[in-house]
Engineer: 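One structure is given below, represented as structure tokens, and several questions about it will come after.
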Amino acid sequence: MSRAPVAFTSRSPRGKLDAKILREAGILRDPSQPAQALERARTLARHGRVREARSLIHPHMRRACGLDRARMAELLARCAMAGAGGNWRELLEEALRGYEESGYLRGLSRTQRKLGEMLLSAGQLGDAEQRLLKAKQAYEQLDNAEGAALTRVLQARVYRRSGRLTEALAQADRAVTVLDELGRTGSASLARLERARLRAMRGDHLGAAHDLVDADHQLSAQGDATARMRARLMRAEILLRQGGVDRVATAMRRLVEDLGEIEDAHVRAWAHSLLGESLTLLDPQRARRELARARHLYEDLGHTYNVVSCDIHLVRVEHALRLDPRPRLDALARQSLEAWPLLAAELLVVRASLDLEPNGTKLREELLAARRFALASGNRFLAKEVTRALDATDALGEDSDALTPVQLPPEESTTHAALYRALSTGIDGQPTRPERLERIARTDDVGPRARPVFAALLASSVARSPIRASLRRPMARSLSVASTDSRVA
């Protein structure tokens, strides 16, 4: 049976079907139709093109009503949250009202979660916690396990910023478990990145490395450009907190250049802030520019918590440039940081390092209280930073033995050094070269607990190498065998 030939019009270059035919088939959406414009805008926003998405929806918003208007308001809020313009709070509140009036529980739970996320960024931790709790309950009522798990990831961030690391890690663990069971690799990678940060703060370096490697595998297969950039930024943040300043600074220069057409203002601000932090001592002039740029972006987004964080780092930079940091310190002192204990402790550490405090006894008492808080919450990284500040101010006195940080055994210390050297090679977005991993593994005494991580890194690197057939070396096999042995044990 012969088939009828497909007719192409003169408006169809290179043999493509006419746009009208594609629109009628639902393949190419017509932006002049509100429903089709909404679907098109959702696709654009999902791929990070938020300004284009906003331009499609905004003209239809004035004439929309009911459930359609609520959906458009939610999408416009999402664009505003990424820096495309508009008041995200007003838009989300309007979407909530529309979903409540329509009885659309799915939209209601999704919008509650987004509102909780933005309140978290604004530093309103108590309100954010309440919104996220409502969102999780709504998702559970819908039997939407993925939505509830992603809400747990945001709850973990609230608990982390509140200094409740044990609760935060429990939420992240539960989210990873559920998302793995559901096979949602993209969502699971986001949960793993958050858990990696928490594990690093608690001193679980190997656990953090496992999560970074697993998230990298998942995102390399399915993640979009923005998600992969977030993974690189999280890796850089964790390594920076562990003291890998030189490596992070070099990689972050390349990363900022790679931002390219990514429109998400939060991602851009995060990149500039990390580059500024890493350059504080290496290039304070550029560090000041990068931190000021990040601060400006965060301020436009209404991310008050991150604005204060940038101000704290700018105090360090201005001191390194021999500028007077006291005006910025005075402005920070007027901020109420009681609800943000992590930032309050960071500010204490900065104040101690500048040696500008007239009342040393009061500063010592505050630092000791901050260290007790860090130890009680399981934040080993913060405890170490506060202890260094106490050392710098000669404020330890007779408590010095009790305040000495726990030292890693020699084997674990060397293993961690090798591990972070290996992980730092992925921040610039290039596949970690197998020969580089093998050289690190040979040079440093990699302990048996770290071998599974090195094996995973090496397997990923070989799989993405253009000459992978020639890379099956004894070292790779030995790491794989050691990985299997450690899992069996």
Side-chain angles (χ1 to χ4, degrees), residues 48 82-83 121 197 200 225-226 228-301 303-332 335 342-343 346-347 349-356 381 385 388-389 392 420-421 423-430:
S121 299
R197 175 193 271 153
T226 304
R228 288 194 295 272
M229 183 62 72
R230 288 179 183 273
R232 290 168 62 185
L233 287 167
M234 184 67 79
R235 181 177 292 198
E237 179 180 311
I238 290 173
L239 293 171
L240 184 61
R241 298 291 178 264
Q242 301 303 321
V245 176
D246 293 343
R247 295 189 187 93
V248 172
T250 301
M252 283 302 302
R253 288 189 181 97
R254 171 69 180 273
L255 188 150
V256 168
E257 293 173 359
D258 288 348
L259 286 174
E261 297 181 357
I262 291 178
E263 297 181 5
D264 192 317
H266 173 70
V267 172
R268 302 185 74 88
W270 190 7
H272 288 298
S273 67
L274 286 177
L275 178 57
E277 286 183 52
S278 65
L279 293 174
T280 298
L281 299 178
L282 302 174
D283 187 354
Q285 286 284 5
R286 183 172 179 184
R288 192 181 185 211
R289 292 196 303 271
E290 297 292 340
L291 285 167
R293 187 176 301 171
R295 188 189 187 283
H296 176 71
L297 289 169
Y298 281 135
E299 195 169 33
D300 283 349
L301 291 170
H303 291 193
T304 311
Y305 186 95
N306 292 315
V307 170
V308 173
S309 179
C310 286
D311 278 332
I312 292 173
H313 292 296
L314 278 167
V315 169
R316 290 183 187 269
V317 173
E318 288 169 351
H319 182 67
L321 289 170
R322 299 183 182 279
L323 301 174
D324 187 3
R326 279 174 290 196
R328 197 178 295 275
L329 275 173
D330 291 341
L332 285 168
Q335 292 273 357
L342 292 183
L343 289 185
E346 287 181 24
L347 182 58
V349 171
V350 171
R351 283 169 48 198
S353 67
L354 300 184
D355 196 22
L356 297 174
F381 170 77
E385 290 293 300
R388 286 175 181 167
Y420 281 106
R421 282 178 60 197
L423 289 173
S424 67
T425 62
I427 299 173
D428 58 6
Q430 301 299 315

Engineer: Salt bridge (charged side-chain N to carboxylate O under 4.0 Å, His left out): which pairs involve residues 267-277, sequence neighbours left out?
Structural biologist: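 Sorted pair list: Arg241-Glu277.
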Engineer: Does a salt bridge link Glu299 with Arg295, judged by any charged N lying under 4.0 Å from a carboxylate O?
Structural biologist: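 Yes, Glu299 and Arg295 are salt-bridged.
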Engineer: Can you measure from NE2 (His296) to NE2 (His272) and round to the nearest 0.5 angstrom?
Structural biologist: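 Here the rounded value is 11.0 Å.
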Engineer: Looking only at heavy atoms, what is the nearest atom pair of Val267 and Leu259, with distance?
Structural biologist: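 Result for this residue pair: CG1-CD2, 4.4 Å.
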Engineer: Determine the minimum heavy-atom distance between Glu318 and Asp324, stating which atoms define it.
Structural biologist: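 Residues Glu318 and Asp324, closest heavy atoms: OE1-O, 4.4 Å.
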Engineer: Which pair of non-hydrogen atoms, one from Pro284 and one from Val317, has the smallest distance, and what is that distance?
Structural biologist: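 The answer is O-CG1, 3.3 Å.
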Engineer: Tell me whether Leu281 at atom CG has more than 12 heavy atoms from other residues, nucleotides or ligands lying less than 6.0 Å away.
Structural biologist: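 Counting neighbours around CG of Leu281, 12 or fewer heavy atoms of other residues, nucleotides or ligands fall under 6.0 Å, so no.
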Engineer: How close do Leu301 and Ala82 get, counting heavy atoms only, and between which atoms?
Structural biologist: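 Smallest interatomic distance, heavy atoms only, reads CD2-C, 4.0 Å.
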Engineer: Would one find more than 12 heavy atoms of other residues, nucleotides or ligands at under 6.0 Å from atom NE2 of His266?
Structural biologist: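 Yes.
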Engineer: List in chain and number order the residues that pass side-chain hydrogen bond (donor to acceptor under 3.5 Å, both in side chains) with Glu237, two or more places apart in sequence or in another chain; answer none if no residue qualifies.
Structural biologist: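 Glu237: side-chain hydrogen bond (donor to acceptor under 3.5 Å, both in side chains) contacts with Arg197, Trp270.
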Engineer: So how far is it from Tyr298 OH to Asp311 CG, rounded to the nearest 0.5 Å?
Structural biologist: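 Going from the OH atom of Tyr298 to the CG atom of Asp311 covers 12.5 Å.
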Engineer: At their closest point, which heavy atom of Ala269 faces which heavy atom of Ala294, and how far apart are they?
Structural biologist: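 Answer, listing the atom of Ala269 first, then Ala294: O-CB, 3.4 Å.
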Engineer: Identify whether the distance between the nearest side-chain nitrogen and carboxylate oxygen of Arg388 and Glu385 falls below 4.0 Å.
Structural biologist: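 The answer is yes: the pair qualifies as a salt bridge.
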Engineer: For Arg230, which residues count as a side-chain hydrogen bond (donor to acceptor under 3.5 Å, both in side chains) partner, sequence neighbours excluded?
Structural biologist: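 Only Asp264 meet the side-chain hydrogen bond (donor to acceptor under 3.5 Å, both in side chains) criterion with Arg230.
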